[in-house]
Student: 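The following block contains the structure, expressed as structure tokens.
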Amino acid sequence: MSASFALFGVLVAPVLQALFVLALQKPPGLRDVVHIGFALATAICAARLVGAAADGETVRIALAQPLPNVALAFVVEPLGALVAATIGGLGFLHAAHSAGVVRATQEKAPARLMAFMALASGATMAVAFSANLFTFFVAYQALTLCVFPLVAHRGDEEARRAGRTFLATLLTASMGLFLPAMIWTYAIAGALDFQPGGVLAGRVDALTANILLVLFVLGLAMAAMPPLHRWLPASSRAPDPALVTIQGVAILPAGGVGLIKIAAFVFGPALATARFAAYGLILLAGVGMCVAALIALSRQDVRERLAYSCIAQSLAVAVGALVALPMGLFAAALQIVAFACSAATLTMAVGTTGAITARRTVADYAGLGRVMPWTFAGFALASASMIGMPPFSGAWAKLWLITAAAGAGLVWAAALVGAAAVLTFAHLAPLAANTLAGKAPTDAFKRPDGASILLAAPVILSAAATLWLLVLADPLSSFLAPIWSDGQ
Amino acid sequence: MIGAYVELARAHAPLLMVSVAFGAAALAMLSPPRLSWFIACAGALVSAVFAFDLAWRLLAGGGAFAFLLEGVALETDGVSVFGAALVSLTGVLALLAAGAQLGDFERRTASVATALGLAVQTAWIGALAARDLIGVFVAAETAWLAAAALLALSAERGALNGALRMLSAGGVGAALFLVGAALIHRSAGTLDLPAIAEAHIEAADAAALGAGLIVLSLALKAGVAPLHDWLGAGFSRANGAAAMIVGAAAVVGALTVLVRVAAYFVQAPAIGEGVSIALAVLGGASVVIGSLQAVGATNVRRLAAYAGAAQAGGVLLCVALGSPAGVAAALVQLTALAATALALFGGAAAGGVRTLEGLDGLGRRAPLAGAAMMAGAISLMGAPLTLGFLGRWRLVEAGVGAGWWWAAGAVIFASLAGVFYGGRLIERLYFRRAGEIYLGGAGAWRFAAAPLLLAAIVMTALGVAPGLLLDAADAAAAQILGAAA
């Protein structure tokens, strides 16, 4: 399979997946096979692109020229390939898991749910491989519009309100902040291409750079930067498969990728020119991490607790991206991977639990690990990674993050990251421990046969993925080097 | 032999694209309803073929931009051929889609309504092809009266009130136009549009005032805020087909004529700056007022009309720049406005809905109409890969190039407001349960909604691959701004 074909495949396969799932709604078995099969094909294509990026292959496809001098184009580069491979792999597990959830919960419109999940996956891939700011903006908007039906899926007033909050926040931020920044960048540089070294490097004065950085970062509301984070808790009552998409495999990772692309490919060394705004945003993100982790501690609904926990994790990516050091960018990239694996595992575990036991609160989780050992083993592993406990992937990401912040002279930022990790420990560790150590409930299962393999296996496989950075940290450092090498 | 006739027809295309359609309108008025609809569609189609051929020869063909002078003082320029093609295409699609709603009119008035629908668009095409301001005035008033009559034919009494309000506003507009034309004639000694741009103007203030009055008159007819008082009353109670034809073809026609006339005015050294400022102020106000009113609208047609006013404001901002890039951007925005208006007014007509509540679940009840309206809503938001985005991007490009950063701010404001009212439309179309039964056309006539979907598809296709549109707009702008230079 050529790399060009793989790039095309990674973008088109999810769209075909959505179409086929909608067309082949019955029998459910065929629908699920198609859903999982296309997700696997997407993952394989994404894995192929990691090889292409490692070999330094130049792969680019331009679909259209919607604006003069600006193409709707996609390119393979290490950051995009790494994130796409992670999302692709998790997406495959998520597809299998969602097939199990919709069966267990007797979901009323499973095909629609699966179709928009697939479209969201495709849009996330498009975000990851976007070759310029315009393509990124298109993919970002497409992702927003694809996930909106997932948030509003239930169709009741609460879901509609959540959908409105989601759509209004993300679209308003992107139209009101990101788009002006994009236009301004075009006016300054005459181009919108992502390029190592930054398209703005050497072309922008300090005031403009500071304003642009604020517009770009706050415009990326998918990164959940305060005060534009409310869409995430608001959407925490979406169906469980949709939660995995929002928190684990699409929205938050896309926001993280956007932050890194802006820092590395739009600003590059010009980020140093925007030091004032960068430090302000790092402070905002750092404090936001701690506050979000504290709020998570107060939430008794597990989905809400995870939503706030995910905000804290997503903001860690912002801290890394804005530190303005290669080490920071590397830490941010690792954090996306680690966080995606952990968040996907936790949300899938919560989905499995909800589908099988209908339990949603922290108190109700006590002892469930004794009757659902695989699911809650995965839950515990992912919690440990989210907290930053070695040897799980989250530990390495946070270690690099703290090192990068300290290396940039931002000891206070490193301290905030460390404090957020402690607070994450406080809201996740007791929960995970209680599920395993508590007394097993006697009436745990809503369904007498417990969790099917489609519900349990993805959780434990996804949790196992949180270990892989243990051995891959050094190779990944070399692999990702091109994204900042020209900027040094 | 046939070839010679074809060449003769092509040589007289400006005259034929008007006279054939007016002839068809007269014939349609005397025919039974369904036959009249067929005749009107055929007449509009022939007119569109002439308009596109003319545009192709003058713009895309790359040949010399020869003036085609007719005995009735018709003269084409880049904007007029671009606009004629746009208005005629919009009119054809609106008339085709109106076929499913003919039953909404009383049987004895359906043929008249069809004929008036064709007359509205044809008269605006005539205004586009007119050489002088008197020709523009006569054609514009014809179009305006036909539009008011079309709305008045609707069954509800409220529609008659709307039509009366249109007539009142039109009377004021006509007076402004005539006073403006008189001032220009006195100052510049001519009413020929190309000549005004080159004329030695003795009393610049009087000429600028005259030009401003003409701009105001045409802006009123184009539904530019705050001169758009007639819009809500005219559309909210009218029949769906009438609202669609007036809201899409007539408004776009008026706005295109405004762009053409203003493009000549801004070239005149003595009055250009004043006209440019007036256009900018009016455009900015229309963007803000139209957007805010659309956010608060609870009637679908009012929402579409106010959103159109916001878009029209963007068009005026483009023309105010007075540069080829600005005029080209205005033409792109006009195309976006036409497609959006067709999708929204047409979708509402096909679905038989007036209020926002009526849209609930329309995406399932009437998939074609729902898809068209969704495409329109996304374009209103200014989402990338739509004509709405392309038009706004071109405005920002032209504005930033001229140092008009505030124009970019106005565009972003319009997009933000579009997120709210466009998002609200989409939510109701697809995320609410149906609250009303489907009132659209039955049987084979329901396929008359297909042109709306075609408009939506064109809107998407031109957003993704806009090369042809951009080239045509650039050529049209270069021609009209170069013609008088």
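Note on naming: letters A, B, ... go to the chains in the order of the sequence lines (proteins, then strands), and numbering restarts at 1 for each one.
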Student: For residues 213-241 of chain A, give me every residue with a non-hydrogen atom less than 4.5 Å from any non-hydrogen atom of chain B.
Tutor: none
Student: Specify which of A:Arg164, A:Gln65, A:Arg160, A:Gln141 makes the most heavy-atom pairs with chain B at under 4.5 Å.
Tutor: A:Arg160
Student: So that I can tick it off, tell me whether B:Glu397 and B:Arg394 are bridged by a salt bridge, with the cut-off set at under 4.0 angstrom between side-chain N and carboxylate O.
Tutor: yes
Student: Most heavy-atom pairs under 4.5 angstrom with chain B, which of A:Leu67, A:Val138, A:Ile183?
Tutor: A:Leu67
Student: Atom CZ of residue position A:Phe8 - does it have more than 12 heavy atoms of other residues, nucleotides or ligands inside 6.0 Å?
Tutor: no
Student: Does the separation of the ring centres of B:Trp393 and A:Tyr186 fall below 6.0 angstrom?
Tutor: yes
Student: Check A:Val15 against A:Leu119 and note the closest heavy-atom contact, atom names and distance.
Tutor: CA-CD2, 4.1 Å
Student: To the closest 0.5 Å, what do you measure between CG (A:Leu150) and NE2 (A:His153)?
Tutor: 8.0 Å
Student: Where on A:Arg154 is there a heavy atom nearer than 4.5 Å to chain B: the side chain, the backbone, both, or neither?
Tutor: backbone
Student: Tell me, side chain or backbone of B:Val396 under 4.5 Å from chain A's heavy atoms, or both, or neither?
Tutor: side chain
Student: Within the side chain of B:Ser286, is there an N or O that forms a donor-acceptor pair under 3.5 Å with the backbone of B:Ala225?
Tutor: yes
Student: Working to the nearest 0.5 angstrom, can you tell me the gap between A:Thr172 OG1 and B:Ile412 CD1?
Tutor: 12.5 Å
Student: Between A:Ala64, A:Ala159, A:Pro66, which has the largest tally of heavy atom pairs under 4.5 Å with chain B?
Tutor: A:Pro66
Student: Looking only at heavy atoms and a cut-off of under 4.5 Å, which of A:Pro149, A:Ala187, A:Ala168 has the most pairs with chain B?
Tutor: A:Pro149
Student: Is chain A contacted by the side chain of B:Arg424, its backbone, both, or neither, given a heavy-atom distance below 4.5 Å?
Tutor: neither
Student: Counting only heavy atoms from other residues, nucleotides and ligands, does the tally under 6.0 Å from CD of A:Gln106 exceed 12?
Tutor: no
Student: I need the B:Leu331 CG to B:Leu470 CG distance, nearest 0.5 Å.
Tutor: 11.0 Å
Student: Which bit of B:Tyr430 comes within less than 4.5 Å of chain A, counting heavy atoms only: side chain, backbone, both or neither?
Tutor: neither
Student: Check the pair A:Phe194 / A:Phe129 against ring pair (Phe, Tyr, Trp, His ring centres under 6.0 Å), numbers first and verdict last.
Tutor: CA-CA 10 Å; A:Phe194 287 139; A:Phe129 289 115; over 10 Å; no
Student: B:Phe420 versus chain A, heavy atoms under 4.5 Å apart: side chain, backbone, both or neither?
Tutor: side chain
